*Asks:* 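Pasting a structure below so you can have a look.
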Number of protein chains: 2
Amino acid sequence: MTGRAAVSGPENYDPADYPAFAVTVDLVVLTVREHDLQVLVIRRGEAPFAGRSALPGGFVWPGEDLAEAARRELAEETGMQVVPGHLEQLASYGAPDRDPRMRVVSVAHLVFAADLPSPVAGSDAAAADWRPVSELLAHPRWLAFDHSRILADGLERARSKLEYTTLATSFCPPEFTVAQLREVYEAVWGERLDPRNFHRKVTGATGFVEPTGSTSSRAGGRPAELFRPGAASGLYPALLRPGS
Amino acid sequence: MTGRAAVSGPENYDPADYPAFAVTVDLVVLTVREHDLQVLVIRRGEAPFAGRSALPGGFVWPGEDLAEAARRELAEETGMQVVPGHLEQLASYGAPDRDPRMRVVSVAHLVFAADLPSPVAGSDAAAADWRPVSELLAHPRWLAFDHSRILADGLERARSKLEYTTLATSFCPPEFTVAQLREVYEAVWGERLDPRNFHRKVTGATGFVEPTGSTSSRAGGRPAELFRPGAASGLYPALLRPGS
DNA sequence: GCAAAAGTGTTCTTCGTACACCCATGG
DNA sequence: CCATGGGTGTACGAAGAACACTTTTGC
């Protein structure tokens with residue numbers, strides 16, 4: 001387990017001499033529900049951290065790529081289908097004592113999910129469930145391991161990605177109004193945005209949203225136009241956070 | 001080695017049942033020399049990829065954090081001291097076949113280094129040496145493993161970090177002129193910038209650079225004022241790339 | 001008509017860009 | 001003096017912020 005400690009890299013070593021790590025993937029699955037940013041957590045049944053919440057995740061298998069493992073775990077633990085929006089690698093966490101049982105390096109991934117009707121069903125995990133991000137970050141001990149840190153990093157990544165990419169549409173259903181899109185920005189950034197200026201910026205940015213022609217009816221108020229996600233992935237001009 | 005494949009995450013498993021991975025750190029060490037962005041590579045002595053260049057790196061030890069391992073490998077393989085500028089995690093690479101010998105997950109790190117007088121000395125590796133990034137990216141097979149991909153990701157990260165952070169000063173000596181700082185931007189972005197507008201933006205951004213009071217003398221031309229890195233880490237207003 | 005939400009126009013300011021121009025040194 | 005690079009002033013346009021105003025529905 002300790003290794004001969006060859007110091008010059010991958011050369012001159014015997015594989016068996018080197019420390020074995022477990023490699024896992026953890027998932028920060030974000031969605032916007034009820035004007036609030038929420039994250040998918042599961043309830044841990046066993047020690048360590050029994051009874052606490054944790055991010056979904058699990059071990060990477062021998063033949064799998066990291067992203068593949070993340071997609072598999074997402075499906076297994078939450079019943080969510082592949083590509084429920086967008087999945088990207090977030091960062092890796094490998095502090096020696098982050099798991100008391102063994103040396104684990106976890107590759108965290110970030111998923112932007114639309115608010116599906118029944119997002120957590122037919123799940124393999126005991127209980128998968130949406131929780132407000134703000135609530136979990138206010139109580140860092142509610143999450144097992146270093147998952148609070150991972151969540152914080154995922155949130156910060158999400159916040160900055162909304163500024164210069166079109167990923168906010170991943171949080172929306174296939175067709176959406178400008179107000180729904182604004183709700184995404186307001187929930188992720190935790191700030192109120194001017195509806196009038198927001199509307200102009202969104203419709204003015206090239207390839208961000210594309211009108212469908214139809215409108216959405218609602219109680220009280222003029223019906224809103226419906227949009228589809230546009231072709232662009234980068235956002236120009238960018239939508240910068242107010243408190244910059 | 002294959003595992004019982006418990007599907008519900010870190011619960012109900014026996015550690016010995018799970019696939020063992022080797023975990024390494026790889027380093028993308030960038031600097032600007034001779035008006036050109038360069039990266040530190042070592043020459044591999046042994047198979048696989050014997051004779052080819054590779055990014056410096058090596059195995060993570062049992063008691064080490066990931067960033068710690070990166071700093072140690074940097075010192076061992078290149079003789080560079082800790083914190084030669086700035087070190088941050090880049091991304092992890094874990095394709096099943098990325099190393100023909102064993103299953104390896106590599107956590108890549110990115111270092112911004114100043115152009116030191118003798119950056120590679122007393123090195124443990126056979127030969128560590130600066131190479132132009134553009135040259136290596138134009139010939140992806142010159143680098144071992146998936147290091148070309150890692151380098152490309154590191155370059156893109158560096159490019160965007162210059163836009164909205166003050167990290168460019170990490171490429172400069174402790175005291176520098178605006179022209180030297182501009183050389184960093186031009187080398188990393190591969191674009192010419194207007195010296196006059198650049199000067200105003202740099203000196204106008206809050207906390208980016210701080211005048212020392214002294215000047216630098218040079219052959220032909222008015223002496224330039226010398227600056228130190230300022231206190232800010234974020235850059236406001238941002239310095240955006242021309243071709244946006 | 002009235003409330004409510006969607007969407008447009010207008011003004012002010014900030015920032016990017018282009019480029020004319022002046023400043024301070026070495027030769 | 002003149003070549004060379006450092007640094008400032010100015011003018012125009014694009015984009016952000018604030019907010020008055022018009023539009024289109026339900027009741």
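Values below: all heavy atoms of this structure, side chains included; hydrogens, waters and symmetry mates excluded. Residue numbering restarts at 1 for every chain, and letters A, B, ... go by the order of the sequence lines. Here the structure is a predicted model, which is why all the values come from computation and not from measurement.
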*Asks:* Check whether A:Glu77 reaches the backbone of A:Gly57 with its side chain - one donor and one acceptor, N or O, closer than 3.5 Å.
*Replies:* yes
*Asks:* Mind checking ring-ring contact (aromatic ring centres under 6.0 Å, His included) for B:Phe198 and listing every partner two or more places apart, or none if nothing turns up?
*Replies:*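 Counting only residues at least two positions away or on another chain, B:Phe198 forms a ring-ring contact (aromatic ring centres under 6.0 Å, His included) with B:Tyr185.
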*Asks:* Using only atom types and a distance under 3.5 Å, with no angle test, would you say the side chain of A:Ser53 pairs donor to acceptor with the backbone of A:Trp142?
*Replies:* no
*Asks:* Side-chain N or O of A:His199 less than 4.0 angstrom from OP1 or OP2 on C:dA6?
*Replies:*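 False: A:His199 side-chain N/O out of range (4.0 Å or more) of C:dA6 OP1/OP2.
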*Asks:* Ignoring hydrogens and geometry beyond distance, is a side-chain donor-acceptor pair present between B:Tyr93 and B:Asp26 at under 3.5 Å?
*Replies:*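 The answer is no; no qualifying pair exists.
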*Asks:* Side chains of B:Ser92 and A:Ser92: any donor to acceptor distance under 3.5 Å?
*Replies:* yes
*Asks:* Give the first and the last nucleotide of DNA chain D, reading 5' to 3', that has any atom under 4.0 Å from a heavy atom of chain B.
*Replies:*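 So the outermost contacting nucleotides come out as D:dT4 to D:dT10.
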*Asks:* Nearest whole angstrom, please: distance from the C1' of C:dC12 to the CG of A:Asn197.
*Replies:*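 Between C1' of C:dC12 and CG of A:Asn197: 13 Å.
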*Asks:* Enumerate the protein-to-nucleotides 13-16 of chain C contacts in which both atoms are nitrogen or oxygen and the separation is below 3.5 Å.
*Replies:*
| residue | atom | partner | partner atom | Å |
| --- | --- | --- | --- | --- |
| C:dG16 | OP1 | B:Ala238 | O | 2.9 |

*Asks:* Using the ring-ring contact (aromatic ring centres under 6.0 Å, His included) criterion, which residues pair with B:His147? Sequence neighbours excluded.
*Replies:*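 Result, ring-ring contact (aromatic ring centres under 6.0 Å, His included) vs B:His147: B:Phe145.
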*Asks:* Quick check: on DNA chain C, is the nucleotide nearest A:Gly220 upstream (toward 5') of the one nearest A:Arg200, or the reverse? Name the residue that is more 5'.
*Replies:* A:Gly220
*Asks:* Keeping B:Glu163 on the side-chain end and B:Ala238 on the backbone end, is there a donor-acceptor pair under 3.5 Å?
*Replies:*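 Checked: no pair found.
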*Asks:* Where do N or O atoms of nucleotides 20-24 of chain C meet protein N or O atoms at under 3.5 Å, pair by pair?
*Replies:*
| residue | atom | partner | partner atom | Å |
| --- | --- | --- | --- | --- |
| C:dC23 | O2 | B:Arg222 | NH1 | 3.3 |

*Asks:* Enumerate the salt bridge (Lys or Arg N to Asp or Glu O under 4.0 Å) contacts for residues 166-177 of chain B, please, sequence neighbours excluded, ordered by first and then second residue.
*Replies:*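 Sorted pair list: B:Glu175-B:Arg228.
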*Asks:* Before accepting this row, confirm whether a basic side-chain N of the pair B:Asp153/B:Arg149 lies closer than 4.0 Å to the acidic partner's carboxylate O.
*Replies:*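 Salt bridge flag = yes for B:Arg149 with B:Asp153.
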*Asks:* Which is more 5' along DNA chain D, the nucleotide nearest A:Thr215 or the one nearest A:Asp194? Just name the residue.
*Replies:*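 It is A:Asp194, whose closest nucleotide lies nearer the 5' terminus.
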*Asks:* Taking the side chain from B:Arg157 and the backbone from B:Leu90, do they hold a donor-acceptor pair closer than 3.5 Å?
*Replies:*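 Between the backbone of B:Leu90 and the side chain of B:Arg157 there is a qualifying donor-acceptor contact (under 3.5 Å).
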